[in-house]
Structure formats: structure tokens, C-alpha cells
Amino acid sequence: MSSLPRLLGFSLVLLLAFLAAAAGAQVWLRGQHERLQTAALDGKRRQVEAAFALVGSPPAGGYDGALADRLAEVVGADIELLDDPGDATTLPPATRASTLTVPLPNGQMALVTVPTPPTGRLLLLHQRVVVALLVFALVLMLALVLALLLRPSTPSESSSRPPWGFAKAEMQSLQHLARTSVTQGVELARERDERFRAEQEAYLNQVRLNQALEEKIRLGRDLHDGIIQSLYATGLTLENVRDLVTARPDEAVRRLQRSIDLLNAAIRDVRNYISGLKPDHASEAGLSQIVERLADELRAGRAVDFDFEIDDLAAGRLSDGSLAGAVQIVREAVSNALRHGGATRVAVRLHEGDGAIALLIQDNGAGFNPAAGPRGHGLANMQGRAESAGGSLQVDSAPGRGTRIVLTLPLVSTPS
């Protein structure tokens, strides 16, 4: 019986070492799981905000469940619309841990349920494996103790058995426990490596999905502000040609040729988008020439008085992205003034002052009420371009007194 305390001591030491390793692995796994879950929630929040920004302004009754279901398929999560923002605070804690709330422009709240990351299932599997191994070790120790306690012994057997027989049995038991511990360590290391690779793959997939969504929003904005406006101007020019065919055939031919040129330019831009090239007209000439060309394109035969005062030197100090955004904002503002406002005078100013570039577009059209919310994607696209360039956009308008738009952009360099 003298070997029993020593055997129990060695077994207890090995069991404590196993428990310490399992607890350390469990703490590490839980930390990785919480980090990935936080990253997944942040990524889903950005996707949902970008998806609702792409949809644009809500209808009079607010966003509906059908729209939420379609957007849920795009972002890969469940979306539920809450009319009362306070409803999100009444959810149980377990629910709030796997969901997030996103405020919408019209005051509604979007409750987004994020799928459980793969690490959550791995963490649960790891816990079950550790518990099973622990139970197995305890049962093995108990069986060993009972076998030693219940083993019959006789004086003759005890006296005839060599003294080193007990030591040999103890060493064999210790070897078996050591091999079991090594095998468990190898399995834990393999599982940790596989989990790390799964986490990396999930992170890369999330990054690719965010990039694809941002590219989709950018493409929709560029098509709306560029090609659609050009096609609309071409349509107005062709409508005027119909009235000039018999009265002024020479002017009709000139406008037909102008329409053909506009269509060819639009086709060229579409081809550039298909081949992955973003049209960059701002690099072909100065901003003043580009604005004059846009005005001539959008005029479409209407009697409009344009007044331009553009400092090309100041415009040259803008970054390429800011300059391209400014061109698209001018296009959208002038198009809105002519199409919706019926303006007969449009002024465009660009000057440098106080360490920034200020761009003004003002018209004498019908105007609108900005507090009533945007009626299309135009204002939202202009605001998005200004924020992407690190600037700000102010819209001042009222029914019957025209519209005034001021864009402020940072400088990319200082004068030498």
C-alpha cells in the first residue's frame, strides 16, 4: 500500500497540469471569439448603413418589411424594423449580444441579427472535449484507486513479489498518463491552428464583402451623376430637334450632331466602367473648361444664362478625388436647376480662402424645401461626395427663391 500515495500524487500533478492547460486554452478561445464577434457586428453595422444609404430616402410611411428582407439578403443578416427606438432596449441580454441596432435617417431603428461566427461553435466543441477528457481522467484515477484498494493480497504473495515490482507498475502508469497528455496537447495545437485559419478566412471574406458593397455604392453614384445626366440632356436636345426639322433644318442638323456626340461620349464612359476604368474628365483640361462644357451639354437648347467665375489655379490645388467630386457636384446641381427648378440663370464660383476651396452653385429656379427631405438620389450623392473628399456641403433653398449650394474642400498642398 506504500505505492498508492505516490501514484495518487503523480496522477494529481498531471491532472492539475492538464486543467491549467485547458483553462488557458479556454480563456484564449473566449477572447478570440469575443474579438471576432465584435468585428462581425461592426462590419454588419457598416454594411446595413451603406445599404440604406444606397436605397435613398424612405417613403412617406417609412421603410417597410419587404425592403428590410431584400437588404437582409444583401448583407447576410436578419433585419427587423422598429418604429420605436426604445424597443431595442427591452431585448434580453442574450439577444442584445448577437444583435445590433442601426438608426435610420427617418427616425426608425433597424434591429440586425448577426449569425454566430464559426469560432462560437468551435468554442463550444472545445468545452465539450475538455469536459469529456476531464471526466475520463477522473474515472481512470478512481478505477485505479479502487483496483489497488480491492486487490487481494496474501502474506506469501507479498513476500514472494520482488520489491521493484511496485515501482515498475507505477512507471508504466505514469508512462501511459504522459503519452495521453502529449496526445491531447498535439490535438489542441492542431485544433488551434485550424481555428486560426478559419478566423483568417472569415476576416478576409468580410473585407471582400465590404469592398464589393462600397464599390457598388460608388458605381451607382457615378452612373447617376454622370451618364444618366448626359442621357437626359441628350433626350431634351432631341425633343427640341423635332420642332426645328421644318422651321430651321440647319439648326436641327446641328443639334442632331450634338446629340450624336453626347451619345458617343456616354457610350465611351460606359465602356470605361465595364473595363474597370473610371472616367476622369477633370484631368483633360482646367475646371473652367470642364464646367463650360458641362453647361453646354446640359443646356439642351434652352435659353439659360450661365455666369462662371472659376480660379483654375485654386482648382489645381485640389486632389484628383476632390476635383472629380467637385465636377460631379456641379453637374448634379446644374442639372437639378434646369430640370426641376426651370432656372434661367445659373452662377458657378470657385475661389480659395482661409486654407480651403469654396465652390458655389446658385440658380434662380423654383427652389424646394430641404426640410422635407430629398426627392431622389441627387442631394444624397452630393453629400456623400463631399464627405468622401473630406469637405462639407451646405444647401440653402426655399420654394420660389432658387437654390444655393456651397461646397468647401480642403487643399492638398500649400503654395510655394
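Index from 1, following the sequence.
- Legend: residues meeting salt bridge (charged side-chain N to carboxylate O under 4.0 Å, His left out) with R197, ordered by chain and number and at least two apart, are absent.
- Under the rule for a side-chain contact (heavy atoms from CB on, under 4.5 Å), D69 has no partner lying at least two apart in sequence or in another chain.
- At least one donor-acceptor pair under 3.5 Å links the side chain of S397 to the backbone N or O of G402.
- Of all non-hydrogen atoms in A333 and I361, the two that sit nearest each other are CB-CG2, 3.8 Å.
- Here CD1 of I329 is found 9.5 Å from CG of N381. Values are rounded to the nearest 0.5 Å.
- Closest of all the heavy-atom pairs between S322 and A389 is OG-CB, 3.5 Å.
- The side-chain hydrogen bond (donor to acceptor under 3.5 Å, both in side chains) search around D42 returns none, not counting sequence neighbours.
- Distance check, rounded to the nearest 0.5 Å: CG of D363 to NE2 of H340 gives 11.5 Å.
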### side chain to side chain contact (heavy atoms under 4.5 Å, CB included) between N336 and F368, intermediate numbers included
CA-CA 11 Å; N336 288 341; F368 65 98; over 6 Å; no
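- In this view, T113 and D78, T99 satisfy the side-chain contact (heavy atoms from CB on, under 4.5 Å) rule, not counting sequence neighbours.
- Nearest heavy-atom pair across A386 and L407 is CB-CD1, 3.6 Å.
- Under the ring-ring contact (aromatic ring centres under 6.0 Å, His included) criterion, F306 pairs with F308, not counting sequence neighbours.
- Contact of the E292 side chain with the L294 side chain is not registered, since no non-hydrogen atoms from C-beta on lie closer than 4.5 Å.
- In this structure D296 satisfies the salt bridge (charged side-chain N to carboxylate O under 4.0 Å, His left out) test together with R258, sequence neighbours excluded.
- Contact between S335 and L298 at its shortest, heavy atoms only, is N-CD1, 3.9 Å.
- When all heavy atoms of L409 and A326 are compared, the pair lying nearest together is CD1-CB, 4.2 Å.
- S388 contributes a side-chain N or O that, together with a main-chain N or O of G384, makes up a donor-acceptor pair within less than 3.5 Å.
- In summary, the side chains of T344 and N364 do present a donor paired with an acceptor at a separation below 3.5 Å, with no hydrogens or angles considered.
- Put simply, CG on D193 and CG on L188 are 11.0 Å apart, with the number rounded to the nearest 0.5 Å.
- For the atom pair CD1 of I79 and CG of L111, the computed distance is 10.0 Å after rounding to the nearest 0.5 Å.
- In this view, R45 and E49, L100, V102 satisfy the side-chain contact (heavy atoms from CB on, under 4.5 Å) rule, not counting sequence neighbours.
- With a 4.5 Å cut-off on side-chain heavy atoms, L313 and R317 do not count as touching.
- Judged as a side-chain hydrogen bond (donor to acceptor under 3.5 Å, both in side chains), and not counting sequence neighbours, the contacts of D312 are S288.
- Not counting sequence neighbours, the partners of D307 by the side-chain hydrogen bond (donor to acceptor under 3.5 Å, both in side chains) test are R345, R349.
- For Q47, the side-chain contact (heavy atoms from CB on, under 4.5 Å) partners at least two apart in sequence or on another chain are K44, V75, Q206, L209, N210, L213.
- Residues D396 and T403 form no side-chain contact, since every pair of their non-hydrogen atoms from C-beta on lies 4.5 Å or further apart.
- In this structure, the side chains of V348 and I310 come closer than 4.5 Å at one or more pairs of heavy atoms.
- Here the shortest heavy-atom pairing between A314 and E352 reads CB-CB, 3.8 Å.
- Proximity of E187 to E191: side-chain heavy atoms (C-beta onward) are nowhere separated by under 4.5 Å.
- Applying the salt bridge (charged side-chain N to carboxylate O under 4.0 Å, His left out) test to residues at least two apart or on different chains, none of the pairs has a partner in residues 100-110.
- A 4.5 Å side-chain heavy-atom check between E332 and Q328 finds every atom pair outside the cut-off.
- To the nearest 0.5 angstrom, F196 atom CZ is 12.5 Å from E201 atom CD.
- The side-chain hydrogen bond (donor to acceptor under 3.5 Å, both in side chains) check on Q184 picks up nothing, with sequence neighbours excluded.
- Rounded to the nearest 0.5 angstrom, L360 CG and L350 CG are separated by 9.5 Å.
- With T183 contributing its side chain and R179 its backbone, the two residues share a donor-acceptor pair below 3.5 Å.
- Counting heavy atoms from C-beta on, the side chains of I405 and Q394 never come closer than 4.5 Å.
- Contact check for T101 versus V112: no side-chain heavy atoms found under the 4.5 Å cut-off.
- Using a cut-off of 4.0 Å between Lys/Arg side-chain N and Asp/Glu carboxylate O, R70 and E73 are scored as not salt-bridged.
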